[in-house]
Structure formats: structure tokens, C-alpha cells
*Asks:* 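Sharing a structure with you now.
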Amino acid sequence: MLKILQRVNLRWRHAIQLNGKRLKSGKVLTLSTVNPLVKEVQYAVRGPIVIRAAEIEVELQKGVKKPFNEVIRANIGDCHATGQVPLTFLRQVVALCTYQELLKSPDFPDDAKDRARRVLASTRGSSIGSYSDSPGLEVIRRDVAAYIERRDGHPCDYMNIFLSAGASEAIRTVMNLLLTAAGAKPAGIMIPIPQYPLYSATIAEFGACQVSYYLDEENKWALDTNELKRSLEEAKERCTPRALCVINPGNPTGQLLSLENMQKVIKFAYENHLIILADEVYQDNVYGEGERFYSFKKVMTEMGAPYSKMELISFHSTSKGYMGECGFRGGYMEAVNIDKGVYDQLNKLISVRLCPTVSGQVAMDCVANPPTEGEPSYESFMKEKTYVLDSLKTRAKMVTELFNSIEGVQCNPVMGAMYAFPRITIPEKAIEEAKKRGQAPDAFYCFELLEETGICVVPGSGFGQRPGTYHFRTTILPPTEKIKELLTRFKEFHVKFTKKWE
Amino acid sequence: MANNGATPKAKALTRQTMNPYFLKIVHPMRGPILNRSLELQRELVQGVKKPFNKVIQANDGDSQAQGQKPLTFLRQMLMLCTNPALFDSDDFPEDAKCRANRMLSGFCGPSIGCYTDDGGTEALRRDVAAFIQRRDGFASDFRSIFFVAGATEAMEDVIQLVLTGPGEKPAGIMVPWPGYPLYSAFIDKLGAYQIGYYLDEDRNWGIDVAELQRALSEAKGNSVPRLLCVINPGNPTGQVLSMENMKEAIRFAHDHRLVILADEVYQENVYFGTEFHSFKKVVSTMEPPYCNTELVSIHSASKGCVGECGLRGGYIELVNFEPIVYEAVMNLYSTKDGSTTGQIAMDVVVNPPTPGEPSYERFMQEKMAIFVSHEKRAELFTQLFNSVEGIQCPRTTGALYAFPRVFIPERAVAEAQKLGMEPDAFYCLRLLEETGFFVVPGSAFGQRQGRYHFRTTILPPMDVLRELVARFRVFHVTFLEQWK
């Protein structure tokens, strides 16, 4: 009971006294009768620290004096919220699909109109307001397949593409697919630590078994097959291992896996009869000089049989990359080498949810089928795309360097994604104080950071980390000037904090 | 064969190793009739001669698929949010711009591409609360309102919320027969226990408390009954519950410790002066302890006159729950980001232009045109089905469907059984082949043994329907003749 209360949003609890009276017991749904799994769901990215940040913003508005005049939100990978400009072409196509009067307007380029018409022609009733087929509009699935073929240099069957409301929905669907029967040993899902907390939350929600494997911080957050082995062995008693989740490029860790590392991981999955779930939503966010993203599909295919025949499901979305369209909920999964019987079941499962939001599908289509050379929008599209990616690259480098220049802070290079995950040394006394307050040490650190500097980041404990190590995740999304300010304020704070608690 | 000589392993994921609950799920809207309708469409395109020149899709409640135009105001708002450069254009009304701006300011950043707060943007939740208050005359707290990506997802969420823990008997979910077929799919998917209760055909498809009692008693040994699902206006029945009947259902739910799930997505589709009462309103007017009945109501942007199925907008309102339930729901929705598009669509449903605003007249004109057209078509179907021997159909007073009862001759029933089909599925397949009229057999929705129905939507356009009327009469008379 206490654990649950600690997790609970205290402000919310006080707020709920509907109609001015305390609700009596005798209710059907109580603490003990609500689905116990739903209570366990926890999503750190929007936890208490974010709520406190919002409160501080309100206080600042009211004129309360603080050591800073604005909160810098560096907690969530929402690009547009920190000033990134949406892609003109993408917005034009979606607008044209939404309000077809605009097809007559001279203000919209022909290539955008063509794409809009093409999508509309494939809808029922020529409208994005009608249900699409459950796996998504066929024309968009085909475009995604073509995109994957161009990206990887290997064939892609559009029937293996299932559009989804963001990658998150597809991930949930697949997790659900892997579950075992009630009463049987739960399905074991291997997830990296540190991880994107959607995985642990979904595993908890569905009553599956989390099989955590530590990423290798000393080795730029690579996957260590010895560690994979250890974690799997340890879990075999309590679950039936089913899947190996890999996030590449990594969130929160920002690594880009090397080809060799990926091959080892694939072999491991093969030997242990695991399906690979490859979260590749950051595939466009790659920053290292000469570095490039390889999809798991590509690597697996080029390894030849038997690896090329392995089951693999990969995820992509419109939320990240250079698009940053989180709100549209565009995404897809590619499911390869899936057993035919399972494939039919997956189709059936997807059909009971009707269809993913059609505007999100259109946004995804713009990612899969962008303007090509010679088309009217090509130049400006490429310019916008390059600008965003270059800017992210600059900030990734700046953040890595600056964190590493501070004593007591170490940061693996941000090779991909949108985050830095620096490791901080927290003095013993601070750790004790944290314990006294019932907080994880890095949560205590992050709350102090927020109160002193207005910087809102997420404590490493929200993502998982090796015991005795402390981290936090910051995004690299605030504009360059703000990032510089963030890093300056941070450095001051860290020095002060270390001094205070030594 | 592998290059290195090794035999490839068996798949990790097979029918034996995947989630066994999925295998149980039957998608009742799919199957031979749908497949045949697709084949027929292909054949028509190829120029094959048929007694009709197009398949009339009257199988699902998707208005825009049947040519209904979206409301201009809604699409303008969405379009402005998508392409804010157009705020500068004189071609768009101030009220659309104002509301678009308001929605954008409520997202996590000033872009339709930003995330929104858990449970939906506060602006929308407040607008929904205000809408509910206007509708019912009772206060609604925006914090008990949660955005959902369409009502169907909400149904699954609520069932998930009431599931029992490991080692316990499964949660029992009471669902109406006939009712929206996806309830049983979710029940199977989540490992819950379906408790079907027959609606009372002889009393306008109302709820019969004795039948509720029967269903519940039978299920008590196998489940922990938790939820009573009610669809009002009814799908597929096309009927609106009376207030008295609703009170009976509420008393029953409260006395038997059931949460009510009120699927009210068709609340704007009520015809011929019929009154819709929300379950929230009725609960609020009842004496204690019934005014404390736990209730979740669902609404969406897919139906009504707006018909934006593809945009996936909806909400749930939680009424009379303990604080832990609101927290649990918030927990659940903290990992599910609601689409900005869906939220905007839902906002227009609950916060439309008001008298005096620039878009009001046009909005009301468009809306009324759609409504009147729905009403006309509802009446056309009711008349058609009641004018033919061997069919009885209550007047459609709500939702988007007619659900006629067909008295299928014994010989046809026998033939169907020989073919391994439900009799009404057999009827519907013949109907499709002869007339191109694609409807869904009553067996997909649940019905009493020996009674046969089919569900048609009232959505095919009027010109198509006028033609269809004659063809249907001919078909039905011929069918009766052939199988008497």
C-alpha cells in the first residue's frame, strides 16, 4: 500500500474530492479490486519531477522570486515543444488531405497535391475521416515498404507493414502477442537497462516478466553478450523467454550499435530462440562522423541463413528523426519471417482496434515518400531536413563535450537519438539525505537541480542503471543558446552541490 | 536450406507459443460475406455482368465512406492547426482561428506535432466537462474526463481496468445481445468472461431486469461479475432506452455491485423527437444509494453528424469512483499519447460554434442537412422492411442502423445448416449476390435462438437507396418463394 502511495501523484490525490464530499467505501472498484497490473504501471518521463516543473512555471508566472527566470524543459523528446520547426512539405500534404479546398489553391506545390490526391484516392469516400483498413492504407504501406527497400537494399513486402498510432501502439500490440496463458510461466521480455520506460511499463501492465540486461557503460553502452547470457540464465526459472528488445539508436543512452555488435546480438537471439524487437525510431538521428545507421533487418539479411530467416519486428515513427511529429501519432512496424498462423492472428488482433489515426498515417507517408530530386519541393525539403539534423548534431557534440569537461560528470558520446545520459558522482552525504527523504539519490539530485536552476531532466533511476551508479537524462532539444545556458547553470549547480554534500 | 549446412530452427512465435487468448478472438464482422463483397467489387471492376452495378456497403457505421462530407468548420480548425501559415489568410473564419489557437496553446508546445498531457489536453477536457454539464444539467469535473483514441479503445481500457488478479476467477463482463461485436473480442483478448444478456425484442429492445438476473446467476460460479455494458442509443438495435428502463438497469447494477459502462457514442443520432438521456444524468437524479453508482460513459467523434471515424477521437467520463481508480486510469494513459488530431475533432463535437459566431450558420446548416438526411433514410428503411411479408422492423429512433427481423423459412434454415452457416448469414449472402446489398447477419451481434436478423446501416446515399428498395423487395419475395 505504501509503495503505491509513494508512486501516486500527491497533488492529484488531494484534488480528487468530487462534488465536495469524500467518497464512501462500498464501491465496486477499490484499491483491492482494480486490475492490480494497471496500478503497477509507471512512466518516469512524466513523473513527479515534471509535475514540480509545471508548478514552478506557474509560480514564476505569479512573480515568485527564483534563482532563474524560466524552466528549461529537457525531459521529454518533443522537438516542436522546444522550437523545432515542422517540415513544410509534411504539413502541406496533411493539410491538403484534411481540407480539400486547398487542392485548388495556388499556394501549395504540385508534388504535395499529388501525394495528397494519391492518399485520398485510396481512402473510402475520398476522406481521411473514414476508417482505413486496419493495417493502414495500402498505398502508404507500399510506400513504407519502398522506403525500407531503399534504406536497406533488400526487398520488403508491404504486407509485413502494419501502420500504427506511433511506435508505442505497435510495441504494445507485439508485447501482447507474446504473452503466455494465465497460470503459465509469464513471457520473458529482455530489455536493456537503461531503457525507455514504455517497455517496463507495458511489461508490468500485461503481467509479463521483465528480463533486464545491462548495457555496457564502459564500452559506449554497447550490448555485451556475456551480460545477455547472464540475464537470460538468471531469468529462465521465472519465465519463458520470448523476445529481446533492442533500442538502436539508444534511448536514453544515445549509442549507435556497431555492425559487429549487432551481429553478435543477432546470433545470441538465434541461439536462444528469441524474437528480436528492434526499436529504431531514432534511425534518422545519427551524429558521429562517418557513422551510419544499419537496421537490424539489413544486418540480419546480410548475415545469410539461418539468421536471415529469423523473426524480427522493427518499429519506426514520425515522432523523432527530423520530423518531430509526436502529436500526429504516426508509425509502423515491419514484421518479418513471422509464422503464417501467427501473422493471421496478428492481423485479426489489429482489426479489432479498427485503424490507426489516418492523419498519422499521412504523416508517416511523407517520411516514407518524401520529395525526390526534380520535384518542386525537393530543395526546400532537403534544406529543412539538413538544417534540423545538422543542428541536432552540433548540439549532440556540444553537450557531450561540455558534460565531460565538468569534474564528477562523465558522458558517453551522444552518437544518436536525442539525449545525453551523463553519469554523475553523488557524495555519500547526499545519498544518505536522499535515503532519509525516501528518494533515489539521482532523483534527489534532479529535484535540487530543478529548484536551483529550473532545469528539468529525468533521473537515471527512471530508466534503470547499475546499482551504485547515478545518471540523469537530458534531451539535446532546447535551442543551441538555451543548451549553452543549461550547461552553464548545470555546471555551477554541480560544483555547488558537490561542495555542499562533501 | 542454410548455407552453412545447419537446419533452420523452428519459429520462436507459433500458434502454440503466442498469446493463447488471441486464438479465441473471433472477429464477427469478417468472414465469408465480407470476402464475397470484396470479390464482387473486383468482378464488377473487371466488367462481369451482375444484377446490380455496385456493391452497397451497408455493413459499417462509417458515414464518410458513404460520401457524407465532413463538417467544414471541423476541417478548417484541423487545417489551421496543421498549417499555421493560413492564420494569415482571409479565407478562414475568426472563430475557427480562435479555437485552433486555443487548442495549439494547450498542447505541450505550440504545434499539432507536440505531445499532449496525459489524459488529453486540459482545454479539451474542460470543454468536454462543459458540454456534459450543458447536456445533463449536472456538474462535471474535467479531471474525471480522459481523452481516448476512439470509443473502441476505451471499451478495451475499461474492461482491462476491471480485470481480476492472478489466481482469481476471471472478471465477468455483461454485454447486451444483440450488441457491438467487439466487446466479445476484447473480453477474449483480455481473458475476461463474457456474460451475455438478451435485450427484449418485444419491448423495443429494452433491458429486461429478469434477464439480467438470469444471466448473472448463471455466470456467478465462473466469474467475478464486474461490469454491465449498455449501449444507448443501441447498436445494432437502433433504439433509445427510456428513462424508466435506464433506472431499472442502474438499480440492478448497483445492487449487484457492477460498474456500468455506458457506450453513448450515438447520443447525437436520435430521431423523430426521441429524447436521449445520458446515464450520468439519470444516475444523478436517482435517490441514494443509486446516485453513487460507478459509471464510465464513452463518447466519440466517429458518429453523430461529424462522422470522423478515421480521426480517432473520443473520451470517457468516470463517475463516482474512488480516487485510486482515477489514478489507475491516469497511469494507464501516461504511456498512451493521444493524437492531437483526434483531440481537435473531439473538441469540435463538444465545443461547436455558438449563435453569433461567424461559422455558426454554416455549421448548423451542414449539420442539420446531415441529420435530416439520416432521419429520412432511417424512415425509408423502417418503411421498407415493414412493408414486406416476413420481415418486422422496429422504427429506428437512434444510432445509424436498422435491425429487421427476418422470418426465414424452415427449408432455408436447413439449407444453411447443411452449408455450415448461420441461417441469417445464408440469407445475407444470397442478398449480397442478388442485389449487391452488403449487410451484417444478426448472428454476428447475438440473438435469441431461432430468431434471425440482419443489420443495415442507414448510411448509403439516398439515390442508391431508392434503387435498392425495389431490388430488395424482389429479392425477399423471391427468397420466400424459393424456400417456402
Side-chain angles (χ1 to χ4, degrees), chain A residues 8 13 16 18 23 27-31 34-36 38-39 41 43 46 78 80-81 86 91 94-95 98-99 124-125 127-132 165 176-177 179 181-182 198 201 273-275 304-306 309 311 324-329 339 341-342 345 348-349 351-352 354 357-360, chain B residues 2-3 6 8 11-15 18-20 22 25 27 62 64-67 70 75-76 78-79 82-83 108-109 111-115 118 141 149 152 160-161 163 165 182 185 191 257 259 294 307-312 321-328 331-332 334-335 339-342:
Chain A
V8 149
R13 276 184 65 81
I16 294 298
L18 296 176
L23 295 166
K27 295 284 177 182
V28 178
L29 282 193
T30 63
L31 194 61
V34 149
N35 181 347
V38 173
K39 286 183 304 195
V41 170
Y43 186 57
R46 298 187 186 191
D78 186 340
H80 297 182
R91 290 301 182 88
V94 176
T98 302
Y99 194 67
R124 295 168 67 202
S127 170
I128 60 169
S130 48
Y131 292 119
S132 75
N176 216 328
L177 186 65
L179 300 180
L198 174 72
H273 218 203
L274 301 167
I275 245 198
K309 296 277 175 265
E311 295 140 281
E325 298 283 10
C326 313
F328 275 120
R329 315 313 299 135
D339 170 89
V342 172
Q345 295 297 317
K348 182 178 71 175
L349 178 67
S351 73
V352 303
L354 304 182
T357 166
V358 180
S359 24
Chain B
N3 290 341
K11 299 280 181 190
L13 202 55
T14 63
R15 278 181 72 95
M18 63 171 274
N19 185 338
F22 290 7
I25 302 171
H27 195 311
D62 185 341
Q64 294 190 28
Q66 296 301 308
R75 291 302 184 92
Q76 283 175 335
L78 257 178
M79 180 272 308
T82 304
N83 205 339
C108 292
S111 160
I112 201 178
C114 288
Y115 285 119
D118 296 343
D141 187 326
T152 302
Q160 187 181 7
L161 190 64
L163 294 179
L182 291 185
R257 299 186 52 70
V259 172
E294 289 148 86
E308 297 281 14
C309 308
L311 300 185
R312 316 313 298 126
F321 288 98
E322 289 218 351
I324 184 67
V325 176
Y326 299 87
E327 289 152 9
N331 255 0
L332 194 59
S334 68
T335 62
S339 85
T340 45
T341 309

*Asks:* Give the minimum heavy-atom separation between B:Cys114 and A:Ala81, together with the two atoms involved.
*Replies:*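 Shortest heavy-atom separation between B:Cys114 and A:Ala81 comes out as SG-N, 3.4 Å.
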
*Asks:* For each of A:Ile275, A:Val358, A:Thr98, tally heavy-atom pairs with chain B at distances under 4.5 Å, and name the one with the top tally.
*Replies:*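 If we count pairs closer than 4.5 Å to chain B, A:Thr98 comes out on top.
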
*Asks:* With rounding to the nearest 0.5 Å, note down the distance linking CG in B:Asp62 to OG in A:Ser132.
*Replies:*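 OG of A:Ser132 is found 10.0 Å from CG of B:Asp62.
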
*Asks:* Who passes side-chain hydrogen bond (donor to acceptor under 3.5 Å, both in side chains) against B:Ser111, sequence neighbours left out?
*Replies:* A:His80, A:Arg91

*Asks:* Taking all heavy atoms of A:Ala201 and all of B:Thr335, pick out the closest pair and write down the distance.
*Replies:* CB-CG2, 3.7 Å

*Asks:* Kindly give the heavy-atom pair with the smallest separation between A:Val342 and B:Met18, and that separation in Å.
*Replies:*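 For A:Val342 and B:Met18, the tightest heavy-atom pair comes out as CG2-SD, 4.0 Å.
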
*Asks:* Can you check whether A:Leu354 reaches B:Arg312 side chain to side chain, under 4.5 Å on heavy atoms?
*Replies:* yes

*Asks:* Is A:Leu349 close to chain B through its backbone or its side chain, or both, or neither, when contacts mean heavy atoms under 4.5 Å?
*Replies:* side chain

*Asks:* Please state whether the side chain, the backbone, both or neither of A:Leu29 comes within less than 4.5 Å of a heavy atom of chain B.
*Replies:*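 Its backbone and side chain both get close to chain B.
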
*Asks:* Sort B:Leu182 into side chain, backbone, both or neither according to what part of it lies under 4.5 angstrom from a heavy atom of chain A.
*Replies:* side chain

*Asks:* Does any backbone or side-chain atom of A:Thr30 lie under 4.5 Å from a heavy atom of chain B? Answer side chain, backbone, both or neither.
*Replies:* both

*Asks:* Rounded to the nearest 0.5 Å, how far apart are OG of A:Ser130 and CG of B:Leu311?
*Replies:*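 So the OG of A:Ser130 and the CG of B:Leu311 are separated by 9.5 Å.
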
*Asks:* Looking only at heavy atoms and a cut-off of under 4.5 Å, which of B:Gly109, B:Gly307, B:Gly191, B:Cys309 has the most pairs with chain A?
*Replies:*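 If we count pairs closer than 4.5 Å to chain A, B:Cys309 comes out on top.
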
*Asks:* Compare all side-chain heavy atoms of A:Phe328 with those of B:Thr341 and state whether any distance is below 4.5 angstrom.
*Replies:* yes

*Asks:* Would you confirm whether B:Asn83, through its side chain, and A:Ala95, through its main-chain N or O, come within 3.5 Å as a donor-acceptor pair?
*Replies:* no

*Asks:* Side chain to side chain contact (heavy atoms under 4.5 Å, CB included) between A:Ser127 and B:Arg75: does it pass, once the steps are laid out?
*Replies:* CA-CA 11 Å; A:Ser127 170; B:Arg75 291 302 184 92; 3.1 Å; yes

*Asks:* Between B:Ile112 and A:Val94, is there a side-chain heavy-atom distance shorter than 4.5 Å?
*Replies:*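 The answer is no; the side chains never approach within 4.5 Å.
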
*Asks:* Under a 4.5 Å cutoff for heavy-atom pairs, which residue among B:Gln64, B:Met79, B:Gln76, B:Arg15 has the most contacts with chain A?
*Replies:*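 Among the listed options, the one with the most contacts to chain A is B:Gln64.
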
*Asks:* Which atom names give the shortest non-hydrogen contact between B:Phe22 and A:Lys348, and what distance separates them?
*Replies:* O-NZ, 2.7 Å

*Asks:* Of the backbone (N, CA, C, O) and the side chain (C-beta and beyond), which part of B:Ala149 lies under 4.5 Å from a heavy atom of chain A, both, or neither?
*Replies:* neither

*Asks:* Looking only at heavy atoms, which two atoms of B:Pro20 and A:Leu179 are closest? And how far apart?
*Replies:* CD-O, 3.8 Å

*Asks:* In Å and rounded to the nearest 0.5 Å, what is the CD to OH distance from A:Glu325 to B:Tyr115?
*Replies:*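 Taking CD in A:Glu325 and OH in B:Tyr115, the distance rounds to 11.5 Å.
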
*Asks:* Are any non-hydrogen side-chain atoms of A:Asp339 and B:Leu13 less than 4.5 angstrom apart?
*Replies:* no

*Asks:* Between B:Thr152 and A:Val352, what is the shortest heavy-atom contact and its length?
*Replies:* CG2-O, 3.5 Å

*Asks:* Checking A:Asn35 side chain against B:Gln160 main chain: does a donor-acceptor pair fall under 3.5 Å?
*Replies:* yes

*Asks:* Please confirm whether the backbone N or O of A:Lys27 pairs with a side-chain atom of B:Arg257, one donor and one acceptor, at under 3.5 Å?
*Replies:*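 It does hold such a pair.
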
